Amino acid sequence: MSDRVKFLLDEKDIPESWYNIVPDLPGPPPPVLHPGTGQPIGPQDLAPIFCDELIMQEVSTAPRIEIPGEVRDIYKQWRPTPLYRARRLEAALDTPAHIYYKYEGVSPAGSHKPNSAVAQAYYNKKAGVRRLVTETGAGQWGSSLAIACSWFGLDCEIYMVKVSYHQKPYRRGLMEAFGAKVYASPSDRTASGRAILAKDPNCSGSLGMAISEAVEVAAQSADTKYALGSVLNHVLLHQTVVGLECQKQMEMAGEYPEVLVGCTGGGSNFAGIAFPFLGAKLKKQKDIRVVAVEPSACPSLTKGRYAYDFGDTSHLTPLVKMHTLGSTFVPPPLHSGGLRYHGMAPLVSYCLQHGLIEATSVHQLETFQAGVQFARAEGILPAPEATHAVAATIREALRCKAEGKARTILFNLCGHGHFDLQSYMDYFAGKLKDYAYPEAEIAMALAGLPSVPVAG
Ligand SMILES: *Cc1c(COP(=O)(O)O)cnc(C)c1O
């Protein structure tokens with residue numbers, strides 16, 4: 001084991017293919033269903049909103065999918081990303097644990113999101129699409145798609161969750177600087193937005209609502225497609241560059257992680273780092289404990305139901321089987337905008353259901369406390385979403401200390417918090433609070449789950 005702090009790869013070490021976990025799973029994941037018929041959908045059902053190559057990736061059972069040269073060339077702008085050993089955090093915690101983190105904050109948007117945005121823009125451009133429409137929470141996905149569209153000469157239209165639009169004005173500025181048009185959601189530009197506003201003119205918005213607006217716009221014009229920043233199989237696939245690089249870097253460090261931690265909103269950064277390691281676990285090569293961390297106020301994995309549900313509030317999407325809090329649930333206005341989603345990626349949900357991973361939740365104040373402790377030790381300010389992974393890692397490291405065990409822990413520092421300083425300032429001013437688990441609202445939303453004719 002070396003005494004190094006930073007583990008860097010060369011451009012040539014950027015993976016040549018993405019890793020698809022599907023063929024390694026113990027059985028096929030439940031099919032996606034048509035909400036009208038309750039029958040499995042075919043590729044043609046998705047064609048109005050996604051281009052063909054992305055639909056093929058969505059249903060692929062190939063073990064590897066080649067990363068196109070043009071996408072790898074753009075990845076070179078910031079990839080491979082560094083892996084760090086958190087020596088100063090270890091010292092601050094006085095833990096025998098070895099803590100490593102993969103830092104995705106070096107990308108143009110400051111998070112892992114461009115890994116998929118670039119791939120999605122590439123395939124859509126190749127398919128002759130002129131414009132991409134999407135939703136964004138905190139603005140990470142929106143700024144990622146904005147720069148990706150700029151690189152491929154596509155127009156970009158973004159529906160940004162209203163509470164984040166006001167909490168994070170500089171994210172909107174970045175999206176506009178990258179050339180995108182940004183609207184606060186719910187908006188009066190779509191039928192779904194107008195219907196929501198008619199019921200609640202002061203609605204603070206949610207990812208589920210913004211998805212409805214973006215899907216509606218995409219479905220209405222032939223030259224426009226929709227792009228989703230998380231949840232879907234092809235998005236998780238694109239994010240596996242993170243874990244594949246990590247495997248090489250952990251080898252450089254001469255260690256193998258015993259515990260792997262990632263925060264979960266829709267599941268993409270978590271799957272990105274975890275799936276290649278889970279692949280090794282499924283092939284019985286190397287065991288590992290994998291922990292997904294979510295906000296206690298939006299706890300889809302720890303308190304949600306594993307059931308078929310819609311991906312959006314207005315029920316325009318197909319039905320997917322996932323851990324869900326109900327598609328009409330509007331999460332409290334947490335500062336981790338990227339984690340305010342009612343559902344979870346079907347593949348991540350499947351892994352939890354089959355005992356391949358664990359899930360835990362953390363309240364907002366503990367996450368900011370962890371974020372500040374991390375920043376003061378390591379000199380990197382984590383995004384509020386990423387502080388969930390930091391908090392769970394600190395819990396694990398303190399457990400190592402209590403048990404006198406020197407475990408190796410790896411977590412995904414999926415983004416920096418430079419656009420989230422207002423959240424940190426509110427935290428320092430004592431203005432942040434923990435939101436109680438919204439039991440009644442979730443019960444109501446779960447009562448409205450769609451009934452499906454086939455057992456999933
Ligand atoms: C979008 C985002 C998330 C949540 O999305 P996942 O798909 O669960 O990764 C988490 N962290 C950051 C920094 C994000 O930008």
Side-chain angles (χ1 to χ4, degrees), residues 81 101-117 120 134-147 158 160-161 164 168 171 174-175 206-208 210-211 227-243 261-275 291-295 298-301 311 322-323 331 334-349 351-352 357 359 361-362 367 371 374 380-392 411-420 423:
T81 59
Y101 57 95
K102 179 72 161 165
Y103 185 43
E104 288 293 305
V106 294
S107 84
S111 75
H112 63 290
K113 296 270 186 5
N115 297 330
S116 185
Q120 293 189 44
T134 197
E135 75 294 324
T136 196
Q140 288 272 13
W141 170 246
S143 31
S144 304
L145 195 70
I147 185 62
I158 299 168
M160 183 172 189
V161 177
S164 295
K168 322 221 152 156
R171 270 285 165 198
L174 183 65
M175 289 184 260
S206 70
L207 278 167
I211 292 173
L228 186 61
S230 186
V231 179
L232 296 175
N233 298 357
H234 67 267
V235 183
L236 275 50
L237 174 81
H238 301 153
Q239 292 296 348
T240 58
V241 285
V242 177
V261 180
C263 70
T264 45
S268 76
N269 89 82
F270 170 79
I273 194 165
F275 280 6
V291 184
V293 195
E294 61 186 10
C298 188
S300 54
L301 283 174
M322 60 179 173
H323 286 86
L334 290 170
H335 281 262
S336 304
L339 305 185
R340 291 180 68 242
Y341 184 60
H342 68 272
M344 184 52 57
L347 285 177
V348 172
S349 295
C351 288
L352 181 67
I357 63 169
S361 73
V362 193
T367 68
F374 182 86
I380 300 174
L381 187 77
E385 292 84 1
T387 60
H388 289 71
V390 177
F411 78 93
N412 198 1
L413 185 60
C414 51
H416 69 62
H418 298 175
F419 289 91
D420 307 284
S423 310

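Given the structure is predicted, the values throughout are model-derived calculations rather than measurements. Whatever order the structure lists them in is the order used to number ligands and atoms, beginning at 1.
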(request) Indicate whether the side chain of Ser206 and that of Arg340 have a donor and an acceptor atom separated by less than 3.5 Å. (result) no
(message) The criterion is salt bridge (charged side-chain N to carboxylate O under 4.0 Å, His left out); which residues satisfy it with Glu104, sequence neighbours excluded?
(response) Arg79
(message) Please find the pair of heavy atoms, one from Met322 and one from Met344, that lie closest to each other, and give the distance.
(response) CB-O, 3.1 Å
(request) Tell me, please, which residues at least two apart from Ser349 pass side chain to side chain donor-acceptor pair (under 3.5 Å). (result) His323
(request) Can you see which heavy atom on Leu207 is nearest to which on Gly137, and at what distance? (result) CD2-N, 3.6 Å
(request) For Tyr101, enumerate each residue passing the side chain to side chain donor-acceptor pair (under 3.5 Å) test, keeping only those at least two apart in sequence or located in another chain. (result) Glu378
Between ligand 1 and the protein, give all atom pairs where both partners are nitrogen or oxygen and the distance is under 3.5 Å, as lines of names plus distance to 0.1 Å.
{"from": "ligand 1", "atom 1": "7 (O)", "to": "Ser230", "atom 2": "OG", "distance (Å)": "2.5"}
{"from": "ligand 1", "atom 1": "7 (O)", "to": "Gly267", "atom 2": "N", "distance (Å)": "3.4"}
{"from": "ligand 1", "atom 1": "7 (O)", "to": "Ser268", "atom 2": "N", "distance (Å)": "2.8"}
{"from": "ligand 1", "atom 1": "7 (O)", "to": "Ser268", "atom 2": "OG", "distance (Å)": "2.7"}
{"from": "ligand 1", "atom 1": "8 (O)", "to": "Gly265", "atom 2": "N", "distance (Å)": "2.7"}
{"from": "ligand 1", "atom 1": "8 (O)", "to": "Gly266", "atom 2": "N", "distance (Å)": "3.0"}
{"from": "ligand 1", "atom 1": "8 (O)", "to": "Gly267", "atom 2": "N", "distance (Å)": "2.8"}
{"from": "ligand 1", "atom 1": "9 (O)", "to": "His112", "atom 2": "NE2", "distance (Å)": "3.1"}
{"from": "ligand 1", "atom 1": "9 (O)", "to": "Ser268", "atom 2": "OG", "distance (Å)": "3.3"}
{"from": "ligand 1", "atom 1": "9 (O)", "to": "Asn269", "atom 2": "N", "distance (Å)": "2.9"}
{"from": "ligand 1", "atom 1": "9 (O)", "to": "Asn269", "atom 2": "ND2", "distance (Å)": "2.8"}
{"from": "ligand 1", "atom 1": "15 (O)", "to": "Lys113", "atom 2": "NZ", "distance (Å)": "2.7"}

